[in-house]
Amino acid sequence: MPARRAARTCALLALCLLGSAAQDFGPTRFICTSVPVDADMCGAPVAAGGAEELRSNVLQLRETVLQQKETILSQKETIRELTTKLGRCESQSTLDTAAGRKQPGSGKNTMGDLSRTPAAETLSQLGQTLQSLKTRLENLEYSRLNSSSQTNSLKDLLQSKIDDLERQVLSRVNTLEEGKGGPRNDTEERVKIESALTSLHQRISELEKGQKDNRPGDKFQLTFPLRTNYMYAKVRKSLPEMYAFTVCMWLKASAAPGVGTPFSYAVPGQANELVLIEWGNNPMEILINDKVAKLPFVINDGKWHHICVTWTTRDGVWEAYQDGTQGGNGENLAPYHPIKPQGVLVLGQEQDTLGGGFDATQAFVGELAHFNIWDRKLTPGEVYNLATCSAKALSGNVIAWAESHIEIYGGATKWTFEACRQIN
C-alpha cells in the first residue's frame, strides 16, 4: 500500500507541474518523492484556470495521437496494396519472359508449357495426347463402313499428321535435354505444335460427331481415364422397387490398386443401396443395403471382360459370372430387403451422399459399356448369350444401354464400341 500511495503521489505531482507550466519558471525537472497523504501536493496553489487548461491540453494531445494512429494504419494498408500489386506484376512479367505469351488464334493449350516443363514430363504429356488421338482414329475405323475408301483416305491423312507431330515432339524434347534453344524459339515451337494438335482435335471431333449421328444408340462406351472425384456418368432413369435383379456390363481396366467403382446406386437415407466396388487391395465386392459379398472377378489386366451379378431377395442368393461362366455364388446377402426405388444411379463413382460425396480413391479408372439391369435373375444361357454377343442377347428391361440415357460429367467421354468386335 505505501508503494501505491507513493506512485499516486508522484503522478499527481507531475500533473501539478504540468499545470504550472503555463508560468515561466525557466528550465524545470520532475521530482517524485513520498509525502504524507494529507499534504499539499503542489506546494503552491494552482491558478484558477490551470486545471481547465491542463484538461484541454490533455484532450488535444489525445485527439492528435488518435489521428496520427489512423493515418499510420491507412498508410500501412496503402503500402500493403501497392506491394501486392507490384509482386503480381513482377510475377507475371517473369512468367511472360520465361514462357512467352500465347499468340492470338493459337487455340487451346493442349500440351502444357514446354519452357517450364522438364523434358521427360513434356514427352509423357504429349505422348498421352497423341496416343489419345490415335485411339480415337482407330475407333473411327468402325464408322462409315459404306464409304470405306473415303474413310481410309482420311485416316491416312490424319495418321500422317500425327506421325509428323511425333517427330516434332521428339526433336523438341531432345533440344530441351541438350539445353539448346532460346525463349523465342521455345515459344515459336510451342505455338506451332499447339496449333497442329488443336487442328487435329477439331477435325477428329467433327468426324466423331458425324459418327455419333450415324451410329446405333447402344454402340458406344464410356471412358474414365483419370482417378478423380469429378469424372462420372449419370443414368437419367432411376430404379423401381426390385425383389430380384441382374446387372451386366463390359469392363476394361488396369488400374492398381483396385479398379474402383463401376457403378453405385444411392437412395435417400442409404448411400450404399446397390454398389459394385473394388477398392485398394480388396477383391471386388457387391454391396446391397450396406451388406457385402466378395466376388471372384479378376478383371484388372487391361482387357475387356463381361461380368454379371444376379441376386434375389429370397434368402439373399447371388451368382457371379465372368465372360459367360459362373465363377461364384452365395446366399444371405441382404435377404428379404427389396431394392428401394427413386434413387440416383451413377457410373464411375461411389456415392457417400445422394448423387455426390465422391472420393477419388474409389473412382473407376477404365472403360465401361453395355451396362444393363433386369428386374429378374437371368439364366446361365442368357448370360452366356450376352458375353458372346449372340443375336439372342437381351437388353435390360429396367436399364437398357442407350446413349440417350447417359449423361457424362467432368471429362468422361463416349466413344464408339461394338462388343465382341473390338474387345482385346
Side-chain angles (χ1 to χ4, degrees), residues 212 215-226 228-253 259-278 284-289 304-311 338-360 362-378 386 393-417 419:
K212 176 182 174 181
R215 72 185 176 207
D218 63 340
K219 305 296 184 185
F220 76 102
Q221 68 180 51
L222 297 177
T223 299
F224 306 92
L226 301 174
T228 72
N229 64 350
Y230 55 81
M231 189 178 295
Y232 67 102
K234 185 164 69 173
V235 180
R236 288 191 172 100
K237 297 177 61 179
S238 183
L239 300 182
E241 186 175 60
M242 297 189 299
Y243 294 85
F245 70 77
T246 299
V247 57
C248 297
M249 70 200 78
W250 285 94
L251 290 178
K252 180 180 180 181
V259 302
T261 309
F263 80 92
S264 64
Y265 176 68
V267 297
Q270 178 53 275
N272 295 327
E273 183 67 7
L274 178 57
V275 182
L276 184 67
I277 184 172
E278 183 181 280
M284 184 164 280
E285 300 172 336
I286 188 165
L287 283 70
I288 299 177
N289 191 35
W304 281 103
H305 293 282
H306 185 266
I307 62 171
C308 286
V309 178
T310 70
W311 172 86
I339 302 298
K340 296 179 181 178
Q342 304 305 314
V344 177
L345 182 56
V346 168
L347 305 179
Q349 294 283 356
E350 194 272 335
Q351 304 173 68
D352 285 337
T353 60
L354 188 64
F358 303 147
D359 182 346
Q362 298 174 330
F364 174 68
V365 181
E367 299 166 55
L368 182 152
H370 290 272
F371 178 84
N372 288 274
I373 297 180
W374 295 259
D375 59 1
R376 64 180 180 86
K377 176 182 174 182
L378 295 188
L386 289 165
L394 303 172
S395 295
N397 66 335
V398 174
I399 298 295
W401 186 245
E403 199 159 356
S404 59
H405 295 167
I406 306 294
E407 296 176 314
I408 56 176
Y409 300 90
T413 56
K414 294 179 181 179
W415 289 359
T416 296
F417 173 81

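When reading the values below, keep in mind they use all heavy atoms of this one structure, side chains included, and skip hydrogens, waters and symmetry mates. Everything numeric here is computed off the predicted structure, so don't read it as measured data.
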Quick one: pull up [atom1] in [X] and [atom2] in [Y] and give me the separation to the nearest 0.5 Å.
| X | Y | atom1 | atom2 | value |
| --- | --- | --- | --- | --- |
| T261 | L276 | OG1 | CG | 8.0 Å |
| F263 | L368 | CZ | CG | 10.0 Å |
| K219 | E403 | NZ | CD | 12.5 Å |
| M231 | I408 | CE | CD1 | 10.0 Å |
| I399 | S238 | CD1 | OG | 7.5 Å |
| T223 | K414 | OG1 | NZ | 12.0 Å |

- Item | Parallel, tilted or perpendicular: ring planes of H306 versus W250, cut at 30 and 60 degrees | perpendicular
With side chains defined as the heavy atoms from C-beta onward, is the minimum distance between [X] and [Y] less than 4.5 Å?
| X | Y | answer |
| --- | --- | --- |
| L274 | I286 | yes |
| W304 | E367 | yes |
| P268 | K340 | no |
| I288 | F245 | yes |

Shortest non-hydrogen contact between [X] and [Y], atoms and distance:
| X | Y | result |
| --- | --- | --- |
| Q342 | Y265 | N-OH, 3.5 Å |
| W311 | M242 | CZ3-O, 4.3 Å |
| P341 | P240 | CB-C, 3.8 Å |
| S264 | E350 | OG-CA, 3.8 Å |
| A402 | F220 | C-CE2, 3.6 Å |
| L386 | C248 | CD1-SG, 4.0 Å |

- Would you please name every residue forming a side chain to side chain contact (heavy atoms under 4.5 Å, CB included) with S395, sequence neighbours left out? N372, A400
- Item | Trace of the side-chain contact (heavy atoms from CB on, under 4.5 Å) decision for H370 with D218 | CA-CA 7 Å; H370 290 272; D218 63 340; 4.2 Å; yes
Short side-chain to backbone donor-acceptor contact, [X] and [Y], under 3.5 Å:
| X | Y | result |
| --- | --- | --- |
| N397 | D375 | yes |
| K252 | A369 | no |
| R236 | S404 | yes |
| Y232 | A363 | no |
| T246 | W374 | no |

- Residues E273, N289; criterion side-chain contact (heavy atoms from CB on, under 4.5 Å); working and verdict: CA-CA 4 Å; E273 183 67 7; N289 191 35; 4.0 Å; yes
- May I ask you to check whether F371 and W401 place their ring centres under 6.0 Å from each other? no
- Task: Applying side-chain contact (heavy atoms from CB on, under 4.5 Å), run through L251 and V259 and close with a yes or a no.
- Result: CA-CA 10 Å; L251 290 178; V259 302; 5.8 Å; no
- Test side-chain contact (heavy atoms from CB on, under 4.5 Å) on N272 and Q270 and set out the steps. CA-CA 6 Å; N272 295 327; Q270 178 53 275; 3.7 Å; yes
